[in-house]
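A quick write-up on the structure given underneath.
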Amino acid sequence: MTSGDRPDGHTEPEQPDTSATADAIGAVGATVDILTYPISPDYVKSWTAVRALCELIANALDEDRDATIGWADGVLTITDQGPGIPEEGMILGHSTKSAQQIGQFGEGKKLACLVLARSSEIGAVRCETVGYGFVPTVERRRLLEGLIPSRSGQGAEVLVYHLHRNDRAHGTVFTVECPQELADEAVGRFRALSEPGYRPPAAPGAAVLTGTPGRVWIGGVLVSTMPGLLASYDLPLDDKGLQNRDRTVIEAGALRDAVQAILGASEDQAVVDRFATHALAGGKLREPEQFFARVEAARPRAAWRTWGRTHLPANAFYASARQEEAVLDLQDMDYIRVTASGLPAYQEHVLMTLLGVEVARVRQQRHYERNHDKTTWIPDRDLNPAERGLLTAGKALVCRVIGPFALDRVRVYSDSDESPCSDGFYTPRNGDVAVHRDVLTDRHRTLAVLFHEAAHRVRHRGGGRWIPSQDYSDRSRGFEHMLTEFGGLLLALLADVADGGALPEPAMPSPPVGSGRRVRLTSADDPAVPVSRRELAHLLTDRLPDALTAGGFTDERDLVASTAVRTVYWNLLIRPRAAGFRRNQGVSTAWDYEKVALLAEAVGVHPPVVWLASNLCEGPLHGRRRDQWGRPGRWAKQVRDHVERACADLQALGGAYATQIPALQALAAGTTPAPMGDDSWQAPARALIALERQRLHLDHDEQTD
């Protein structure tokens, strides 16, 4: 019968060679105390000797980020300069580890000593810390001198620490006799030991493109490998709770979410390049790396759009199901099809959206719209003097009676697909009014059309005492109410004239923005639009040519596309709306600070200036009931938070920019009034715009007709 056999047919587990351990106990001096842990040696059977060595290394790095680990002459030495292991540190389950340390449960060192003591690959294990040291062993023990029954009759195997005193004043040293390959494997699991200056990543973590892909670290400690991934991932230390209690497994769903969060938040062009190139080449992705729908923040989306602009042709498109006709049509027009055939249809759609590639049907439709003129416009110079004079006088009279905001640009057309059966129409997207040329033969008819379209415009965009509303279409109750109010206003004016009064003075045109400007921009000179938004539109438009040159953009559309911000945001900045304008669907204001910042940076203007100039006028309105718009009081919390964010950025800019902060904070706090119909309180935003024009040397660039 061999030494491992028992008469009852059971086999005893292979026992480690205890001679080296006995020598270690004798070498450190007399044992002063013995600490026994009633833990079965079979506990954490999944742990290997390498895993146990990693626990000791992790403990050293937790105490000292500059801990030294080295192997020589058959011994791995782990040294840290920490405060040592206190008495409480010997208690199973006691832990003072923080979220920023590798350890967690207060069990790692004890379990590591258990695994090393029972391993046949490991020799003596010894620890020297402040004031004492110990040697762990696995021994058979009988409780109460054998009075408690034992199934084997030989007692249970337990973990025993033989403790002794020493004169050590600081730090802890573990020495473990082991083969070099085990030591090298354990050390190789720590990025901090192979990468000088390594620090654990902040949330959500980092993608690692070097070395063999598929490795997963938590705080730089290798915890898992997943073949088939395109990259490796280092999760923040906060994610150590994703592991099971013995820290050998990460739950699959938790790992998927962690990897997708890392990739979804990445702005690294190298990461984008690896995944975009792989997907467009037809490669497949494992579930954790199917992350495209998680790319939601403005700057990561801009990183993907930048890659698309750099690596894909401008006339690229992709096709979804049942779009064969559109595909053939586009290919006939020399458009280039791109695919991501290895991805599910939904993932392909999201990827193409990130890259700025339009689906075939949309691309075909846009091509048609760009090459199809819906309205035949008549330039002002082609009107005869009588027509031009009648239009000018009619517009002036309507604005004189209702207000300068009643009409802005009025264009003349000969025919139109937009409203072929009417004498005129209002264009909501830019606030323009169109009048058919046939109308200009009769003064009464001209005034009637202008009056009618002014009611559409004021109901839609607001102005003066009227608040914008979506209820502005023909046959809508809101539009009828506006016509009624206009009629009442006219009757009151007629009564005043009959009593010897006079019509209001003619509205004066808005002063030129910048210096000597006489160039007409569609909404940037609209009197219904707050003055800060108008001046911002001119600032961005004046800066645009230099921005296109500096960024290497082909045109304005290319610049906006490079940011991955929806075009509507840019349109709201250069073709602004009246304050309080709301749309039933989509974006009504350029509100998101990060998106505005991306556009501002692309043009070369400071982001807080752009956000404040566009949105400060919304402060007395946003988040309030309509009956409270413009009334005294503190602005809504969301507005105050955004203003504080802008003020923090202004503080970083310093100088004259920072001097506007008190005025901005007083507005947000409600200390400074912000009444409706008065633009004077927008002075801080206007001052910031003036500073930008000065910084960018735009004031001397006078433009003429």
Side-chain angles (χ1 to χ4, degrees), residues 386-412 419 421-428 431-436 438-510 525-530 577-582 621 625-631 675-679:
E387 292 171 331
R388 190 180 302 113
L390 186 56
L391 181 62
T392 302
K395 177 182 174 183
L397 181 58
V398 172
C399 290
R400 186 175 182 181
V401 171
I402 299 172
F405 48 83
L407 293 172
D408 184 29
R409 184 168 64 169
V410 179
R411 305 179 69 184
V412 181
S419 189
C421 299
S422 66
D423 290 339
F425 59 87
Y426 165 66
T427 306
D432 286 354
V433 166
V435 176
H436 199 285
D438 292 346
V439 169
L440 300 180
T441 59
D442 182 85
R443 181 173 184 269
H444 174 78
R445 194 176 171 191
T446 300
L447 289 173
V449 171
L450 291 175
F451 185 82
H452 179 96
E453 303 306 336
H456 282 302
R457 174 181 157 84
V458 174
R459 183 64 181 176
H460 180 227
R461 299 176 73 84
R465 63 186 177 90
W466 287 291
I467 295 172
S469 170
Q470 288 296 309
D471 195 19
Y472 66 90
S473 303
D474 281 314
R475 294 181 294 279
S476 69
R477 182 170 299 177
F479 173 63
E480 290 181 357
H481 179 69
M482 183 59 63
L483 284 176
T484 302
E485 288 203 47
F486 277 10
L489 176 62
L490 287 175
L491 289 174
L493 290 173
L494 287 173
D496 288 342
V497 171
D499 291 338
L503 290 175
E505 291 296 321
M508 297 299 294
S510 300
D525 300 313
D526 187 339
V529 174
R577 305 280 191 174
F581 175 83
R582 300 290 183 267
L621 318 179
R625 299 197 312 268
R626 283 180 176 265
D627 60 350
Q628 295 180 338
W629 281 12
R631 292 187 178 180
M676 292 284 291
D678 181 4
D679 286 344

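Hydrogens, waters and symmetry mates are skipped; everything else that's a heavy atom, side chains included, is used. Predicted model, so just to flag it, every value in this text is computed and none were measured. Position 1 is the first residue of the sequence, and the numbers go up from there.
Scanning both residues, Y472 and S469, for their nearest heavy atoms gives CD2-O, 3.7 Å. A pairwise comparison of heavy atoms in D471 and R477 identifies OD2-C, 3.7 Å as the closest pair. Contact record, V398 with A454: CG1-CB, 4.0 Å, taken as the closest heavy-atom pair. Nearest heavy atoms, V458 versus A406: CG2-CA, 3.8 Å. Scanning both residues, A578 and P530, for their nearest heavy atoms gives CA-CD, 4.0 Å.
The ring pair (Phe, Tyr, Trp, His ring centres under 6.0 Å) search around F486 returns F451, W466, not counting sequence neighbours. Evaluation of the salt bridge (Lys or Arg N to Asp or Glu O under 4.0 Å) rule for R459 yields no partner, not counting sequence neighbours. When the side-chain contact (heavy atoms from CB on, under 4.5 Å) test is applied to S473, no partner is found at least two apart in sequence or on another chain. Among residues two or more places apart in sequence or in another chain, the side-chain hydrogen bond (donor to acceptor under 3.5 Å, both in side chains) test is passed with D438 by none. In this view, E480 satisfies the salt bridge (Lys or Arg N to Asp or Glu O under 4.0 Å) rule with no residue, not counting sequence neighbours. By the salt bridge (Lys or Arg N to Asp or Glu O under 4.0 Å) test, R411 pairs with no residue at all, sequence neighbours left out.
Going from atom CG of L489 over to atom CG of L494 covers 9.5 Å, rounded to the nearest 0.5 Å. Between the CG atom of L450 and the CZ atom of R457 there is a distance of 12.0 Å, given to the nearest 0.5 Å. Interatomic distance, L490 CG to E485 CD, rounded to the nearest 0.5 Å: 12.0 Å. Note: D432 CG to R409 CZ = 4.0 Å, rounded to the nearest 0.5 Å. Summarising the geometry, atom CE belonging to M482 is positioned 10.0 Å from atom OG belonging to S476; distances are rounded to the nearest 0.5 Å.
Looking only at side-chain heavy atoms (C-beta outward), C399 and F405 stay at 4.5 Å or farther from each other. No side-chain heavy atom of P468 sits under 4.5 Å from any side-chain heavy atom of R461.
Within the structure, every pair that satisfies the side chain to side chain donor-acceptor pair (under 3.5 Å) test and touches residues 445-455, not counting sequence neighbours, is listed here: D423-R445, H452-H456, H452-D474.
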